[in-house]
Amino acid sequence: MARILITSAIPYINGIKHLGNLVGSQLPADLYARYMRARGHEVMFICATDEHGTPAELAAAKAGMPVEHYCAEMHEVQKNLAAGFRLSFDHFGRSSSGRNHRLTQHFAKALGENGFIEEVAERQVFSVADNRFLPDRYIEGTCPNCGYDKARGDQCENCTKQLDPTDLINPRSAISGSTELEIRETKHLYLKQKSLKGEISAWIDSKTDWPILTTSIAKKWLNDGEGLQDRGITRDLSWGVPVQFPGAPWQGMEGKVFYVWFDAPIEYIAATAEWADATEEPDAAWERWWRTDKGAQDVRYVQFMGKDNVPFHTLSFPATIMGSREPWKLVDYIKSFNYLNYDGGQFSTSQGRGVFMDQALSILPADYWRWWLLSHAPENADSEFTWENFQVSVNKDLADVLGNFVSRITKFCRSKYGEAVPAGGQTGERAAALIEELEGRVRAYEGHMEAMEIRKAATELRAIWVAGNEYLQSAAPWTVFKEDPERAAAMVRLGLNLIRLYAILSEPFIPDASAKMLSAMKCTDRTWPGPVAEALTVLEPGHAFETPEVLFAKIADEEREEWQKRFSGVRT
RNA sequence: GGCUAGGUAGCUCAGCUGGUUAGAGCACAUGACUCAUAAUCAUGGGGUCGGCGGUUCAAGUCCGCCCCUAGCCA
């Protein structure tokens with residue numbers, strides 16, 4: 001039994017995530033976690049909300065509530081949606097937790113003591129009326145490039161030009177609207193990534209089995225232009241982890257907090273500590289996942305994320321860990337994803353375009369979305385969600401191939417033999433051929449799941465379902481029954497056992513349907529199949545079952561058209 | 001403009017280090033079956049693998065140039 005640590009990129013607190021966000025990290029991470037648990041491995045699956053930074057403060061202000069309350073509320077919303085999609089986190093933490101505050105300060109202190117933090121004096125915009133500095137989006141003005149009058153301090157939304165707050169014409173505070181602004185000198189901490197470049201570069205070069213998407217992005221940032229740059233890790237905000245704390249190896253940073261991208265990945269570790277707190281375990285329980293001097297040397301650590309998060313996970317976070325000179329666990333494998341597009345354009349949180357997690361669950365159960373999203377995961381290229389494609393996949397794969405298989409075999413048995421596994425008879429050559437085919441396919445499926453090749457795994461799983469229909473079609477127990485009920489009984493017995501096998505194999509993709517199938521078979525044994533021939537004899541003659549309700553309802557054309565229309569515009 | 005990743009059947013995509021008549025699912029056509037959510041199963045039609053040139057006994061697979069798409073950066 002192996003020990004596997006799995007983290008999903010942590011979703012930002014600001015609002016409900018769309019399906020593109022879901023399929024880019026949390027959902028595939030859940031698939032992998034479920035599979036590894038099913039194989040009997042010890043799994044720690046961690047996620048959290050990313051709560052610090054300017055957008056959270058602005059969203060809270062817009063909602064008219066203190067940022068702490070806003071975050072607490074949105075955390076609950078996201079937690080419930082994650083549960084709705086059956087994301088099986090061992091813990092869903094918060095980057096604003098006390099654990100993360102302490103760990104973030106701990107890392108900063110260690111980095112400072114090791115000479116990887118530099119104090120830099122900068123000139124920034126200060127608002128006299130608000131009595132504070134105005135970083136990034138806290139300042140608005142006219143874009144010097146295109147003339148747009150609502151350009152933000154970090155970027156013009158109209159022409160996309162990256163800006164420095166001091167570039168803006170007629171700048172004003174986004175908080176009060178005050179134009180009484182002045183440039184003041186302020187001090188910030190920089191993480192000296194340049195001095196760690198050699199170490200990081202060697203480490204990336206050693207990861208020859210990582211997805212091209214992951215290593216190409218990392219190498220680009222390492223080597224392009226002037227190469228990896230030092231990075232400011234503090235901001236003039238009040239919501240975040242304080243930079244000045246007892247024992248800090250620097251002075252005069254009162255009123256500043258660490259930049260959200262510095263503390264967010266540390267939350268992976270902190271959330272595991274939060275898990276220990278919540279389950280009343282000692283520190284040793286979480287440290288054995290993260291400290292290579294305390295048991296984590298045999299842990300395999302896998303991260304899941306969208307491509308936009310890759311630079312932080314391949315460079316900044318490793319720099320934080322390496323620079324601490326402490327024995328923290330570094331990631332072993334990074335699975336990254338491209339983007340999912342929506343009906344000819346992009347999903348967009350800021351524009352409210354696409355289908356969001358709450359909306360998705362309001363129209364269909366989680367399994368429908370899980371199946372489509374995972375079997376179309378944007379692994380090698382951006383992929384596209386269309387309602388037609390979604391409808392076809394759900395109806396064909398889930399309703400016709402799998403759902404109908406369960407339905408046809410249970411109903412046939414019920415009408416001819418009653419609701420118990422029938423006894424007697426021998427299966428023939430067709431069954432032997434089926435078992436041989438399944439043996440190959442199940443092992444191939446395992447291989448794809450281990451390698452996190454999600455689309456291939458989905459294709460194999462579907463082929464496994466199809467094999468059951470092929471068998472029934474050619475064996476034709478309904479015909480054999482007329483001449484030889486015992487021989488037909490053996491076929492039905494095999495068919496019923498296939499339902500159990502399918503439930504176990506399919507659980508990572510469609511956990512709810514899997515549970516329904518097992519419950520219909522009145523079976524609690526969900527042991528992962530060894531030799532298929534053995535796995536297909538678990539339900540013995542006389543074992544009672546229930547004919548289940550329809551597993552997957554089909555999506556009608558009218559429904560599809562209605563949803564297509566309802567979600568064509570912009571979320572309000 | 002630079003960088004990265006792609007451009008393979010109507011659609012969504014597989015095709016590792018170059019090697020027999022280029023594959024899958026869906027869609028389409030025909031047939032089989034009737035246990036089942038008008039479901040299932042079989043067979044078939046359909047592609048000059050973005051374009052041009054090159055290397056090679058042999059290229060979708062390598063090289064060069066060009067066109068198109070997406071993303072990132074400037």
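Reminder, nothing fancy here: chain letters follow the sequence lines and each chain counts from 1.
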Considering only atom P, compute the distance from B/U43 to B/G25 and round it to an integer number of Å.
-> 10 Å
Expressed as a whole number of Å, how far does the P atom of B/U30 sit from that of B/G19?
-> 39 Å
Give me the distance, rounded to whole Å, that separates B/A39 from B/A32 when you measure between the C1' atoms they each carry. 15 Å
*Are any of the side-chain nitrogens in A/K335 or A/E379 under 4.0 Å away from the carboxylate oxygens of its partner?*
yes
Rounded to whole Å, CD of A/E379 lies from C1' of B/A5 at a distance of 15 Å
As its Watson-Crick or G-U partner within any shown strand, both distances under 3.5 Å, B/A70 has B/U4
Between A/F385 and A/W387, what is the ring plane arrangement, given parallel below 30°, perpendicular above 60°, and tilted in between? perpendicular
Original post:
Should the pair A/K456-A/E460 be classified as a salt bridge under the 4.0 Å nitrogen-to-oxygen rule?
Top reply: no
Of all heavy-atom pairs linking A/M521 and A/T410, the shortest is CE-CG2, 3.8 Å
With the threshold set at 4.0 Å, does a side-chain nitrogen-carboxylate oxygen contact exist between A/E446 and A/R443? yes
Quiz item: In terms of side-chain geometry, is the basic nitrogen of A/E561 or A/K565 positioned less than 4.0 Å from the acidic oxygen of its partner?
Solution: no
Separation of the P atoms in B/C3 and B/A27, to the nearest angstrom:
43 Å
- [ ] Report yes or no: does A/D230 contribute a side-chain atom to a donor-acceptor pair with the main-chain N or O of A/Y190 at less than 3.5 Å?
- [x] no
| Base, sugar-phosphate, or nothing: which does A/L472 touch, judged by heavy atoms less than 4.0 Å apart? | nothing
| task | Using the C1' atom on both, measure B/C28 against B/C11 and round to a whole Å. | result | 12 Å
So what does A/V466 touch, heavy atoms closer than 4.0 Å: a base, only the sugar-phosphate, or nothing? sugar-phosphate
### Message
Students often mix this up, so state it plainly: with edges at 30° and 60°, are the rings of A/W369 and A/F390 parallel, tilted or perpendicular?
### Response
parallel
Provide a list of protein-nucleic acid N or O atom pairs under 3.5 angstrom, restricted to nucleotides 7-15 of chain B.
| unit_1 | atom_1 | unit_2 | atom_2 | d |
| --- | --- | --- | --- | --- |
| B/A14 | OP1 | A/N380 | ND2 | 2.7 |
| B/G15 | OP1 | A/K456 | NZ | 3.2 |

Please list, for nucleotides 25-34 of chain B, all pairs of protein and nucleotide N/O atoms separated by less than 3.5 Å.
| unit_1 | atom_1 | unit_2 | atom_2 | d |
| --- | --- | --- | --- | --- |
| B/G25 | O3' | A/R462 | NH2 | 3.4 |
| B/C33 | O2' | A/W478 | NE1 | 3.4 |

In Watson-Crick or G-U wobble terms, with both distances under 3.5 Å, the base opposite B/G46 is none
| Using the P atom in both, what is the distance from B/G31 to B/A14, to the nearest Å? | 35 Å
Note to self: Less than 4.0 angstrom between a side-chain N/O of A/K554 and OP1 or OP2 of B/A38, yes or no?
What the structure shows: no
Answer with base, sugar-phosphate or nothing: what part of the nucleic acid does A/F552 contact at a heavy-atom distance below 4.0 Å?
-> base
*asked:* Taking only the C1' atom of each, what is the distance from B/A9 to B/G60 in whole angstrom?
replied: 14 Å
In whole angstroms, the gap separating P of B/U40 from NZ of A/K411 amounts to 15 Å
Sidechain-backbone polar pair: A/R493 side chain, A/G424 backbone, donor-acceptor under 3.5 Å:
yes
As its Watson-Crick or G-U partner within any shown strand, both distances under 3.5 Å, B/C57 has B/G19
- Message: Tell me whether A/R370 is salt-bridged to A/D512, with the criterion being a basic N under 4.0 Å from an acidic carboxylate O.
- Response: no
note: A/R430, atom CZ; B/A42, atom P; distance rounded to Å ~ 12 Å
Separation of B/C35 atom P from A/Y417 atom OH, nearest Å, is 13 Å
Work out how far the C1' atom of B/A36 is from that of B/C16, and round it to whole angstrom. 41 Å
Result for 5'-nearest mapping on RNA chain B, choosing between A/E549 and A/W465, is A/E549
- Message: If only side-chain N and O atoms count, and only distance matters, is there a donor-acceptor pair under 3.5 Å linking A/T314 with A/W203?
- Response: no
Note to self: Given the structure, check if the side chain of A/N404 and the base of B/A39 hold any donor-acceptor pair shorter than 3.5 Å.
What the structure shows: no
